[in-house]
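A short worksheet on the structure shown next.
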Amino acid sequence: MTTRNPLDTVSRNVLIFPANEDSHRFALMEFSQEGANHPHGYSSTTALNLHASYGKCINDTRVNPIVVSNQLERSLNGTYIVYFNINVRLPINRSVARVVGVDPKHPGPKPFYRGDLFVVKKRDWPGPPVNIGGASHRIWLDCPTGMLEIVKKFLKDNVVNRMATLIEDEKMVRKIREEAAKDPLDPYTNPLSLQNWKYPYKDRTDRTITNLEKYRNKQIVREANRDSCTTCGIDDQSDLKVCAGCKAVKYCSRECQKTDWKNHKSQCTQGRA
């Protein structure tokens with residue numbers, strides 16, 4: 001059982017995909033009480049400090065967990081958290097774009113990772129709980145270098161799955177929070193649970209959804225004016241075909257159109273409405 005105070009600031013090795021660089025890197029970063037003062041750090045006494053990276057966009061921080069097991073290299077097994085941002089004011093993440101095969105200059109209408117992306121490793125606090133605002137305690141561990149390929153695969157899958165439905169997911173979150181607002185004990189809405197925060201949470205889901213939809217519509221128009229396939233990105237194809245439903249996107253073949261249909265379906269339906 002560890003004797004470290006759960007409120008102590010610690011430095012751990014973190015996997016970073018910088019927004020303005022072409023490749024990933026590992027670096028030491030601080031996990032502190034101040035870092036816990038953001039939307040996805042409120043449930044922990046300490047967390048990765050993201051304020052310097054995201055600034056005023058901190059409330060658009062989002063997370064994805066990765067649970068790794070059955071790896072021959074046992075140090076890789078465990079629970080990881082992927083921190084990223086979806087605020088369209090932040091730059092497209094170039095290093096992630098290279099990993100998933102997206103052109104950062106022409107990312108398409110789907111939402112994409114914004115700002116820096118961080119991968120951290122954690123485990124539950126083994127000691128007795130300390131009652132501080134109902135927050136939990138975690139042991140933060142160094143992210144092993146062997147985790148890189150697992151994270152790359154996760155990012156590729158996530159671009160196809162979560163990012164394709166991000167706007168719809170945000171709308172669902174908004175409904176959940178509207179219901180939670182009726183509960184005086186909910187940590188997002190109860191003033192007593194927020195009074196000790198240096199950076200109180202402000203629900204800006206409506207604004208986030210509006211900005212994402214504006215970006216998507218702008219990108220649809222921009223992509224329609226480009227002579228390239230929406231799916232594979234091949235340029236200067238004389239036989240590009242325009243989608244018969246929305247007249248907004250182009251494909252070089254029926255195979256590319258079928259591949260993109262899962263992502264394009266909601267946009268195409270809106271275009272015909």
Side-chain angles (χ1 to χ4, degrees), residues 1-19 26-68 78-87 89-90 93 113-144 147 151 170 173 176-177 180-181 183-205 207-208:
M1 182 177 296
T2 182
T3 58
R4 183 179 69 79
N5 190 309
L7 303 181
D8 287 347
T9 296
V10 296
S11 294
R12 293 290 182 261
N13 213 30
V14 175
L15 173 57
I16 307 172
F17 288 83
F26 286 86
L28 286 175
M29 293 189 67
E30 285 191 349
F31 295 78
S32 63
Q33 293 182 64
E34 182 180 12
N37 293 319
H38 64 75
H40 291 284
Y42 81 93
S43 62
S44 179
T45 52
T46 61
L48 183 65
N49 197 332
L50 302 173
H51 298 288
S53 295
Y54 296 151
K56 293 181 179 180
C57 302
I58 190 72
N59 284 311
D60 282 321
T61 304
R62 298 293 183 268
V63 299
N64 265 143
I66 307 178
V67 179
V68 180
T79 302
Y80 299 78
I81 302 175
V82 179
Y83 290 96
F84 61 97
N85 205 287
I86 59 173
N87 193 301
R89 291 186 296 171
L90 293 175
N93 190 304
Y113 297 102
R114 299 283 181 157
D116 299 334
L117 181 144
F118 307 89
V119 183
V120 305
K121 187 176 184 180
K122 73 176 184 73
R123 65 180 172 88
D124 293 335
W125 177 257
V130 179
N131 186 18
I132 301 177
S136 60
H137 316 300
R138 293 167 180 165
I139 294 291
W140 300 105
L141 307 171
D142 289 323
C143 184
M147 187 63 185
V151 171
E170 289 292 308
V173 169
I176 293 172
R177 287 182 180 164
D183 181 0
L185 299 179
D186 184 83
Y188 281 110
T189 56
N190 180 10
L192 292 177
S193 68
L194 303 177
Q195 63 184 357
N196 295 322
W197 283 18
K198 184 177 179 180
Y199 303 92
Y201 177 78
K202 296 180 180 179
D203 191 351
R204 297 190 174 98
T205 310
R207 188 181 69 179
T208 299

Looking only at heavy atoms, the pair that brings K121 and G78 closest together is CE-CA, 4.2 Å
d(N85 CG, R62 CZ) to nearest 0.5 Å is 7.5 Å
Scanning both residues in full, the closest heavy-atom pair of I16 with A27 reads CD1-CB, 3.8 Å
CG of N13 to CG of L141, rounded to nearest 0.5 Å, is 11.5 Å
* **Close side-chain approach of N87 and R114, heavy atoms under 4.5 Å** => no
Specify whether W140 and F31 have parallel, tilted or perpendicular ring planes, treating 30° as the upper limit for parallel and 60° as the lower limit for perpendicular. parallel
All heavy atoms of A36 vs all of S44, minimum pair found to be CB-O, 3.2 Å
Discussion item. Counting C-beta onward and ignoring hydrogens, is there a side-chain heavy-atom pair between I66 and M147 closer than 4.5 Å?
Written reply: yes
When every non-hydrogen atom of G115 is compared with those of L90, the smallest separation belongs to N-CB, 3.8 Å
Rounding to 0.5 Å, atoms CD (E30) and CG (L48) come to a distance of 10.0 Å
Between N93 and L117 the two heavy atoms that sit nearest each other are ND2-N, 3.6 Å
Rounding to 0.5 Å, atoms CD (Q33) and OG1 (T9) come to a distance of 6.5 Å
query = Heavy-atom distance under 4.5 Å between the side chains of Y83 and S53, does that happen here?
reply = no
Residues N49 and M29: closest non-hydrogen pair is O-CE, 4.0 Å
Worksheet item: Heavy atoms, side chains only, cut-off 4.5 Å: are C143 and V14 in contact?
Response: no
The reported gap from CG in L15 to CZ in F26 (rounded to nearest 0.5 angstrom) is 4.5 Å
d(Y54 OH, T61 OG1) to nearest 0.5 Å is 6.0 Å
> Is any side-chain heavy atom of R138 closer than 4.5 Å to a side-chain heavy atom of V120?
Replying inline: no
